[in-house]
Q: 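One structure, pasted below without further comment.
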Amino acid sequence: MTLETSDDDSDLGDLGAEAAQIAMIEQANDDGLESVHGSIRQAGVLTDDGTPAAIELVIAIQ
């Protein structure tokens with residue numbers, strides 16, 4: 001999942017990323033998949049000039 005930033009980056013605060021992580025885990029559970037505990041990876045995505053553009057969230061499932 002990729003969370004794109006807004007002009008003021010307010011959507012990259014803890015609540016935005018946390019809500020996205022919860023949504024990903026709930027969707028995996030709804031699909032009958034089990035997430036691996038502690039396996040959420042979060043990485044910043046920058047534009048060519050180094051401006052924050054997004055946060056990428058990845059979870060491992062089994």
Q: Are there over 12 heavy-atom neighbours, none belonging to Asp49, within less than 6.0 Å of that residue's CG?
A: yes
Q: In terms of hydrophobic clustering (I, L, V, M, F, W, Y; side-chain heavy atoms under 4.5 Å; direct or indirect links), are Leu33 and Leu57 co-clustered?
A: yes
Q: For Ala53 and Thr47, which heavy atoms make the closest approach, and how far apart are they?
A: CB-CG2, 3.8 Å
Q: What are the two closest non-hydrogen atoms of Asn29 and Glu34, and how far apart are they?
A: OD1-CA, 4.4 Å
